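Atoms considered below: every heavy atom in the structure, side chains included; atoms not considered: hydrogens, waters and symmetry mates. Throughout, numbering of the chain's residues begins at 1 and tracks the sequence. What you see is a predicted model; the values in this text were computed from it and never measured.
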Amino acid sequence: MELKNFFKKYENFIGTCILLLIIMVFTALRYDYYYDLNDDVLMKDILAGVYTGEPEGHNIQMLWLISAIISLFYKVVRGLPWYGLFLCACHYGSIGLIVHRSLNFCSKLSAKVLLLLAEGALIIGLLLQHLVSAQYTFTCTLLVAAATFLFLTTESTLPVKEFVKKNIISVLLVFLAYLVRSEMCLLVLPLVCVAGVIKWGSESKIFVKENVIKYISVIGAILGGILIGQISHMIAYGSSEWKTFTEYFDNRTELYDFQQIPEYEPHQAFYESVGLAESERQLLENYNFGLDEEIDEKLLGKIAAYAAENRKEEKPFMQNLKESTGHYIRRTVYGPGNNESDYPWNYIILFSYLAVFVTALFDREKKFVSRLFQITWKLVLLGGVRSVLWLWLIMRDRVPPRISHSMYVMELCILLAMVLLHCKGRFMKLLIGALYGFLGVAFWQFSFITTDMDVAQKAQNIVPYEELYSYFKQDENKDNFYFIDLYSSVAYTEKMFADVDNSLDNYDIMGGWACKSPLYRKKLATYGMDSMEEALLTKPYVYYVQKTGKNTEWIYRYYEEQGYDIVLKPVDIPLKNFEIYQLEAGHEPN
C-alpha cells in the first residue's frame, strides 16, 4: 500500500523522468551528442583550458558569471566535458519542467500516459536535431521558453507570496538564459512580456492591489536578475584591454552578421580614406584578418558604418519591408520541399493558434462573446509582436536555423500553455492531445532525415580534422605552432563526450570572434609570439595551414604590400586534405 501511495504521489515526476531517459538513451545510441558549430567548440576550448592552457572565465560569447562557474568546474576536474554536460542539462531540464507541469492538468493516469506519448512525439518531431547538436543560442531560448510556460501555467488564484514563490524557477531560468546568450534572451523578451500581459489580462480584476503586486514582483525579479548578470559582466570585462576588444567584437559582429563588406574597386576612395589596401580588405573577406594588426576596432567600426549606409541606399526601408513581408508570409505558410519554408515549425505554430482559439471558445466558464473577445485580443497581440520580431530579423537578413527555431520554440511554449489552460472536458483533451501526437509523429520522417544528414555530415567532416590535429600533437610537432586559414577550419566540430582531451592546443585560426582578444594575446605569448604576421615570418616553429588546393595568392599579395617577397615552403606531411607551409622572406621592407 505504501509503495502504491509513493507512485501515486510522484507519478508526474516518475513519468517525466522515464520520458526523458528514453529520449536521452535513444539519442545517444542512434546519434551521440555533438557541438553544432566550430564556434561552440571554441567556447568549450576557452572554458576548458584548451585555448590558453588554463580554464578561462572570460568566454566572450557568454556572460562572465556563467562562464566563470563552468570554468571553475574545469579547474576542479579538468578531464570531464563540463560544458557539454551543462548544455544537455539545460535542454533536458527545460523539457522536463515543461512536461512535469503539463501533467498537472491531467487527473487520471491513463490521460497522463497519453499526454506523455503526445509530448514525446513532439519532442522527437521538433527538437531532435537540437538535442543531438547543441548550440547555445537555442539553449538560451529553450530556457526562456520553459520559464514562460511555467509562468503562464501557474495558478492565478494563489496569494501573492505563494505566486511569487512558485515563479522563482521561472525567474532563475530567465536569469540563466541571459547569462548564456544575452542577445537572444533580449530578442525573445518581448514575447515574455506578451505572456505576462496575457496572464495578467486573464484576471477577473486586473488592477487590484494583489494582482499588481504579484505580477510586478515577478517582472521586477526577472529584470533584477538581468541587471545582476549585466553588471557582473561589465565589471569582469572592465579592463582597458577587454573594453577595447569588446568594441572590436561588436563592430566585427555588425560587419559580418548584419552587413556586407563593400567591394574594393567601386569603393576604393573610401578604403583609401581609412588606409586599407586591397590585400588588407581581402583579409576581411576571407576572415584571416588576424594577420593584420592594423585592422582594429576603429577601422572595423568605420567599415561597418559605411556598409550600413550603402545597404540603405541599395535597398531603401520600404522596399526592404515589402520584400521581407513577402518572405515572412512564405516561410510561415509554405510546406515541406520549399526552400523558403520553416516546416515543420510553421505548421505546428499555425495549428497551435487554431487549437488555442477553438479550446478557448469551448471553455464555457464565461459567456461566448466574452470568450471570443478575450482569446482574440490575446492571439492578435501575440501574433502582432511575433510578426514585428520576425520582420526585424528578416530585414536584417539574420535568420539562421538556430535563431528561427528559437523563435518558434518560444512561441510554441506560450501557445501550448494557453491550450492547457483553456482545454476543458475529457473529449476535448483527448482530441487536442491526439492531434498534437499525430502531428508529432507526422514530423518524424522529416526530423530523422534532417538529423541523419546533419550527423552524417558532421561525422564525415570530423575525420580529416582529427587526422590534422593528431599530426599537430605528435612528439616531433607538439612544440610547433600552426595558424589555420579560417575557411579551412569552419567545417570542424566535435562530439561532446567522446575522446575528451582538454590539454593545450598548439594551433589557432587566423580570424574569428576570439581573434585579437586578451585570450588570443595570452595564447600567442604562451608560444613566444607577439603577432601572427611577424611570427609566420620569423619563428621557425610557426606554420601556415590550409585545405589542399586552396589558392594562396592572397597571402602573397598581403606580404608583398607589406614589403616582403615571401616564399611558401611546403612541409611534407602524410595528410591528403591539408597543406602546411613555412613562410620565408626574400627581403624585408626598406
Side-chain angles (χ1 to χ4, degrees), residues 248 252 261 263-265 268 271-272 274-296 299-300 303 464-465 468-469 471-472 474 476-490 492 505-512 514-517 520-521 523-590:
Y248 177 90
R252 185 208 65 83
I261 301 170
E263 295 292 333
Y264 187 80
E265 289 187 4
Q268 185 173 352
Y271 282 117
E272 289 179 349
V274 297
L276 198 72
E278 185 174 4
S279 64
E280 294 172 311
R281 183 259 172 206
Q282 193 169 7
L283 295 182
L284 293 175
E285 187 174 24
N286 63 21
Y287 277 81
N288 291 326
F289 48 79
L291 192 60
D292 191 346
E293 289 294 330
E294 293 182 1
I295 299 177
D296 59 10
L299 182 58
L300 285 181
I303 298 172
Y465 289 103
L468 178 67
Y469 299 149
Y471 172 82
F472 291 166
Q474 291 177 6
E476 62 269 26
N477 302 320
K478 63 182 181 180
D479 293 329
N480 296 333
F481 194 89
Y482 301 88
F483 285 110
I484 307 174
D485 162 66
L486 185 134
Y487 275 116
S488 298
S489 70
V490 292
Y492 177 66
D505 278 339
N506 59 336
Y507 63 86
D508 200 1
I509 57 177
M510 300 179 74
C515 185
K516 300 188 180 182
S517 67
Y520 167 79
R521 304 295 180 193
K523 186 177 183 74
L524 293 189
T526 301
Y527 285 90
M529 296 180 285
D530 294 322
S531 71
M532 187 188 305
E533 177 186 336
E534 179 187 11
L536 281 168
L537 280 181
T538 63
K539 305 294 184 183
Y541 56 88
V542 179
Y543 298 86
Y544 166 66
V545 183
Q546 67 174 25
K547 280 191 172 181
T548 300
K550 190 177 187 297
N551 194 306
T552 57
E553 180 185 355
W554 67 272
I555 197 168
Y556 279 107
R557 290 186 63 192
Y558 172 76
Y559 275 104
E560 182 181 356
E561 291 198 2
Q562 305 306 311
Y564 293 98
D565 181 18
I566 68 164
V567 175
L568 291 181
K569 183 179 177 181
V571 177
D572 186 23
I573 57 173
L575 301 172
K576 66 177 182 179
N577 294 288
F578 292 94
E579 301 168 344
I580 299 180
Y581 295 94
Q582 190 167 41
L583 273 66
E584 294 181 352
H587 65 267
E588 298 182 4
N590 297 326

Side chain proximity check, [X] to [Y], heavy atoms < 4.5 angstrom:
X: Y581; Y: I555; answer: no
X: N477; Y: Y471; answer: yes
X: Y487; Y: K547; answer: no
X: L468; Y: Y492; answer: no
X: L300; Y: F289; answer: no
X: F481; Y: K539; answer: no
X: Y558; Y: I566; answer: no
X: V490; Y: Y287; answer: no

How close do [X] and [Y] get, heavy atom to heavy atom, and via which atoms?
X: A535; Y: M529; value: CB-SD, 3.4 Å
X: Y543; Y: I580; value: CB-CG2, 3.7 Å
X: Y527; Y: D505; value: OH-O, 3.5 Å
X: G290; Y: C515; value: CA-SG, 3.4 Å
X: G511; Y: L486; value: C-CD1, 3.5 Å

If you apply the rule side chain to side chain donor-acceptor pair (under 3.5 Å), what do you find for Y264 with Q282, and how did you get there? CA-CA 9 Å; Y264 187 80; Q282 193 169 7; over 6 Å; no
Within the 3.5 Å criterion, strictly below it, is a donor on [X] or [Y] matched to an acceptor on the partner's side chain?
X: S531; Y: E293; answer: no
X: Y271; Y: E280; answer: no
X: D485; Y: N288; answer: yes

Salt bridge (Lys or Arg N to Asp or Glu O under 4.0 Å) between E579 and K550, worked out: CA-CA 9 Å; E579 301 168 344; K550 190 177 187 297; over 6 Å; no
Got more than 12 heavy atoms from elsewhere within 6.0 Å of [atom1], [X]?
X: K569; atom1: NZ; answer: no
X: E294; atom1: CD; answer: no
X: E265; atom1: CD; answer: no

To the nearest 0.5 Å, tell me how far [X] [atom1] sits from [Y] [atom2].
X: I509; Y: F483; atom1: CD1; atom2: CZ; value: 11.0 Å
X: S489; Y: M510; atom1: OG; atom2: CE; value: 10.5 Å
X: T538; Y: E533; atom1: OG1; atom2: CD; value: 10.0 Å
X: Q562; Y: E534; atom1: CD; atom2: CD; value: 13.0 Å
X: L283; Y: L276; atom1: CG; atom2: CG; value: 8.5 Å
X: Q546; Y: I484; atom1: CD; atom2: CD1; value: 11.5 Å

Could you label the plane-to-plane angle of the Y507 and Y469 rings as parallel, tilted or perpendicular, counting under 30° as parallel and over 60° as perpendicular? parallel
Parallel, tilted or perpendicular: ring planes of W554 versus Y544, cut at 30 and 60 degrees: perpendicular
Verdict with supporting geometry, M532 and L291, side chain to side chain contact (heavy atoms under 4.5 Å, CB included): CA-CA 5 Å; M532 187 188 305; L291 192 60; 4.1 Å; yes
Mind running side chain to side chain contact (heavy atoms under 4.5 Å, CB included) on D479 and Y541 for me, showing each step along the way? CA-CA 7 Å; D479 293 329; Y541 56 88; over 6 Å; no
Please walk me through it: do L568 and L583 pass side chain to side chain contact (heavy atoms under 4.5 Å, CB included)? CA-CA 5 Å; L568 291 181; L583 273 66; 3.2 Å; yes
Side chain of Q582, backbone of P540: donor and acceptor closer than 3.5 Å?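 Flag set: sc Q582 to bb P540 pair under 3.5 Å.
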Side chain to side chain contact (heavy atoms under 4.5 Å, CB included) for V274 and L299? Distances and angles first, verdict last. CA-CA 7 Å; V274 297; L299 182 58; 3.8 Å; yes
